[in-house]
Amino acid sequence: MLRAVAVAVLLDTLVQAALAGLFVTGDLDLLTWHAANASVLSALTVAALVVWRRLAAPGWPAAAGAVLVALVSVQQGLGEARVLAGHMPLGMAVFGCATALAYWAFTHRTGAAGQAGQPVTGVAGVTE
């Protein structure tokens, strides 16, 4: 569940960036899509935060999830106010945060192996 939500947040962040890029190149209709998708991204980031907390994840991913929720809210406000000087760089911060959380979701290990510092098996069965 954690991985699915983290990937959904990351992919939707990528969709936001693509919509913004296409809007900037002149397709004005995509601004409406970009604004609508901001609400989707907001909902996904809140869902991610809830999942991280319910799974009793370590503190930093939950804190990063809370920061991501705040960043997306600020991002949405800046976009609606057309403050692009803040909106565009903050979009990069949102993407970086979403990437870090997705990476953590796929590399975090629980149980005896993760806690004792023992090697863990990766996706292909290779010891990491």
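No experiment lies behind these values; they were computed from the predicted model shown. When a residue number appears, it is its place in the shown sequence, counting from 1. The figures that follow rest on heavy atoms only: side chains count, while hydrogens, waters and symmetry mates do not.
Alongside Val15, the hydrophobic cluster contains Leu19, Leu22, Phe23, Val24, Leu28, Leu30, Leu31, Trp33 (criterion: ILVMFWY side chains under 4.5 Å). Through direct or indirect side-chain contacts shorter than 4.5 Å among Ile, Leu, Val, Met, Phe, Trp and Tyr, Phe95 is connected to Leu10, Leu14.
Once rounded to the nearest 0.5 Å, the distance linking CD of Gln75 with CG of Leu71 reads 8.0 Å. To the nearest 0.5 Å, the span separating NE2 on His87 from CE on Met92 amounts to 12.5 Å. The distance from atom CG of Asn37 to atom CD of Gln16, rounded to the nearest 0.5 Å, is 4.0 Å. One distance of note links CG of Leu44 with CG of Leu11; it measures 10.0 Å at 0.5 Å rounding. The line from CG of Leu101 to CZ of Arg3 is 14.0 Å long, rounded to the nearest 0.5 Å.
Leu49 and Ala66 make their closest contact through CD1-N, 3.6 Å (heavy atoms, listed as atom of the first residue, atom of the second, distance). Ala105 approaches Ala6 most closely through the heavy-atom pair CB-CB, 3.8 Å. Across all their heavy atoms, Thr13 and Ala98 have their closest contact at OG1-CB, 3.9 Å. Residues Val74 and Leu90 come closest through the heavy atom pair CG1-CD2, 3.6 Å.
Hydrophobic cluster membership is shared by Val9 and Trp104, with clusters built from Ile, Leu, Val, Met, Phe, Trp and Tyr side chains linked at under 4.5 angstrom. Criterion: ILVMFWY side-chain heavy atoms under 4.5 Å apart, direct or through other members. Under it, Val40 and Val94 are part of a common hydrophobic cluster. At a threshold of 4.5 Å between side-chain heavy atoms, the hydrophobic network of Ile, Leu, Val, Met, Phe, Trp and Tyr places Leu41 and Leu78 in one connected group.
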